[in-house]
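First comes the structure, then the notes that go with it.
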Amino acid sequence: MPESALFWFRNDLRTHDQAVLNRLISSCASLHTTYIFNRSTYASTPWGFSRTGAFRHAFLLESLGDLKDALASKGLGLHIRYENAADALLDLCKTYQIKKVYAQELPGWEEQKMEKIVEEVLLKEGIELILHSNHTLIDPLELPFTLPRLPEIFTEFRKKVERESRILEDAGELSTFKGSSKSSGTFKCDFWPEKKVEIDKRTVIRFVGGEQAGLTRLQEYIWKGDHLKNYKETRNGLLGADYSTKLSPWLALGCISPRRIYAEIKRYEQTRISNASTYWLYFELLWRDYFQFVALKHGPHLYRSGGIKQQMQKWMFDSEKFERWRQGQTGQPFIDANMRELLLTGWMSNRGRQNVASYLVHQLKIDWRAGAAWFESQLIDYDPASNYGNWNYLAGIGNDPRENRIFNPIKQAENYDPKGEYVRLWLS
Ligand code: FAD
């Protein structure tokens, strides 16, 4: 371990389960941390809206504010930067005479490209970029296959991983740093969304960004509310805070570690009950992992027209129909209710997401990438691998082994909203 180091926060905005940062704390005399805003993620899409909408942006700012406070309580500063990552890191390294930069490796294609550029730029100045993985439950080094051999079907992946992979332990809390560390920069910038966020009162839950709020939600869902024992039965719900965990926004930014959730599931199984529901939350976390590895395996194809199947397909685009879908005005009540919830809160249930995605692609016959881009902009829990992986799946160009999976919104509403309460909530 070096005398002085720079730790670059990416989608790991937390102080728990940070094994590498903890090792740096115990070995460095001078330790700096930074978060670098990525201007390109605020650019406008070809469909006329920003890649980062106001809800997600607000959640990110809250998360960073919380991180800054948590780091300060451990004796660490945080440098907030806005230029491109390579320039920002180089500048910090020169200012504080640092030769080693540590950062989380991410599976998205843009993130991977950024890592390569940063690595090259730093290396020219004799600085090393050292990447580690802590975004998934299963460490990539624990996978029982090489990446090119990652199964294209989830069940195959799950069975092999369940049999052969270890889940590494949550690294616990951060120790206090006694050496030298500084802060710089403010949360003020020119490329942020202008609009002030006002979350509709009907929101399932008030999502507050940050590690503290994420850990509180975990405690409330699993322990205080005791909801985990019924998760499998309730997870397809549409109304209220507790039909599912609602942990995805905190997972997406890494405010909470998947290994912390796993540890809590195990503790609950040992002290309260172990049943199909407790297993099912772990099962869903494996879906999340699976999409992360799919993103890593397929690189740019995940975001392209033909998806990971690289299927030649011509997609249409009708701006009026797309706008009606986006605004929740298609005339199909179940679709419109879900789209309005997304528009007004930055949230939609998994059941809703499957339906509206299927509707856009199969009923309206619109380019799936426009829908995925709207989700990217609007969802508080946007995660590149989970979003594009699920859209590929729903558009029939991804990991779905079934041909022509199409959701019928009328039947879906009968099954999941039999009394019409959800539709009434959003359409009245
Ligand atoms: P729970 O039911 O409580 O599940 C626990 C956790 O398991 C979730 O927080 C999530 O991390 C993981 N998980 C569950 N289902 C999935 C899934 N299908 N794919 C990947 N991970 C899953 N999830 C995101 O986190 N970010 C996205 O950008 C995203 N985009 C999606 C787009 C489409 C078209 C679809 C169909 C699904 C998308 N999902 C995305 C997956 C899923 O809808 C959300 O993870 C889930 O609704 C979040 O709610 P929850 O935390 O209460 O989930």
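Residues: numbered from 1 along the sequence shown. When a ligand or atom number is given, it counts from 1 through the structure's own listing order. Keep in mind that this is a model prediction, so the values were computed, not measured.
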Within the 4.0 Å heavy-atom cut-off, what W347 brings close to ligand 1 is side chain
Test your reading of the structure: does S349 have an N or O sitting under 3.5 Å from an N or O of ligand 1?
no
Would you call the rings of W250 and F207 parallel, tilted or perpendicular, taking 30° and 60° as the class edges?
tilted
Aromatic ring proximity H57/Y42, centre distance under 6.0 Å
yes
Using distance alone, decide if ligand 1 has a nitrogen or oxygen within less than 3.5 Å of any nitrogen or oxygen in L247.
yes
What atoms of ligand 1 come within less than 4.0 Å of a heavy atom belonging to L379?
28 (O), 30 (N)
Heavy atom of the protein closest to atom 44 (C) of ligand 1 (residue, atom name, distance)
R353 NH1, 3.7 Å
Salt bridge present between E110 and K113 (N-O < 4.0 angstrom)
no
Over 60° means perpendicular and under 30° means parallel, so tell me whether F145 and F157 are parallel, tilted or perpendicular.
tilted
The closest protein heavy-atom partner of atom 6 (C) of ligand 1 is L285 CD2, 4.1 Å
For the residue pair Y388 and Y303, categorise the inter-ring angle as parallel (less than 30°), tilted (30 to 60°) or perpendicular (more than 60°).
tilted
Can you report which non-hydrogen protein atom sits closest to atom 50 (P) of ligand 1, along with the distance?
K246 N, 3.5 Å
Decide whether T330 and D336 meet the rule of one side-chain donor and one side-chain acceptor closer than 3.5 Å.
yes
May I have all residue pairs that pass ring pair (Phe, Tyr, Trp, His ring centres under 6.0 Å) and include part of residues 254-275, sequence neighbours excluded?
W223-Y268, Y262-Y282
Starting at OG1 of T41, measure out to OH of Y382 and round the result to the nearest 0.5 Å.
9.0 Å
Subset of ligand 1 atoms that lie under 4.0 Å from at least one heavy atom of L251:
9 (O), 11 (O)
Under a 4.0 angstrom heavy-atom cut-off, which atoms of ligand 1 come close to D383?
26 (N), 27 (C), 28 (O)
Numbered in order shown, the ligand 1 atoms found under 4.0 Å of a heavy atom of F291 are 19 (N), 20 (C)
Aromatic plane relationship, F375 with W391 - under 30° parallel, 30 to 60° tilted, over 60° perpendicular:
perpendicular
Among N355, N350, L228, the residue with a heavy atom nearest to atom 46 (C) of ligand 1 is N350
May I ask whether R235 has any heavy atom positioned less than 4.0 angstrom from an atom of ligand 1?
no
Distance from atom 32 (C) of ligand 1 to nearest protein heavy atom, with residue and atom:
N387 OD1, 3.5 Å
Part of E284 with heavy atoms under 4.0 Å of ligand 1, whether side chain, backbone, both or neither:
both
Option of least heavy-atom distance to atom 2 (O) of ligand 1 (set: Y290, Y231, Y393, W368)
Y231
Heavy atoms only, cut-off 4.0 Å: how does T245 contact ligand 1, side chain, backbone, both, or neither?
both
When distances are taken from atom 26 (N) of ligand 1, the protein heavy atom at minimum range is D381 O, 2.8 Å
So which heavy atom in the protein is nearest atom 8 (C) of ligand 1, and how far is it from that ligand atom?
S248 CB, 4.2 Å
With sequence neighbours left out, which residue pairs that include part of residues 381-398 fulfil the salt bridge (Lys or Arg N to Asp or Glu O under 4.0 Å) condition?
R353-D381
Atoms of ligand 1, numbered as shown, that sit under 4.0 Å from any heavy atom of F375:
32 (C), 33 (C), 34 (C)
Classify the angle between the aromatic ring planes of W287 and Y290 as parallel (below 30°), tilted (30 to 60°) or perpendicular (above 60°).
perpendicular
Ring centres under 6.0 angstrom apart (Y82, F37)
yes
For F9 and Y35, I'd like to know if the aromatic rings sit close, meaning centre-to-centre distance below 6.0 Å.
no
Look at atom 35 (C) of ligand 1 and say which protein heavy atom is nearest, naming residue and atom and giving the distance to 0.1 Å.
N390 CB, 3.4 Å
Distance from atom 5 (C) of ligand 1 to nearest protein heavy atom, with residue and atom:
L281 CD1, 3.5 Å
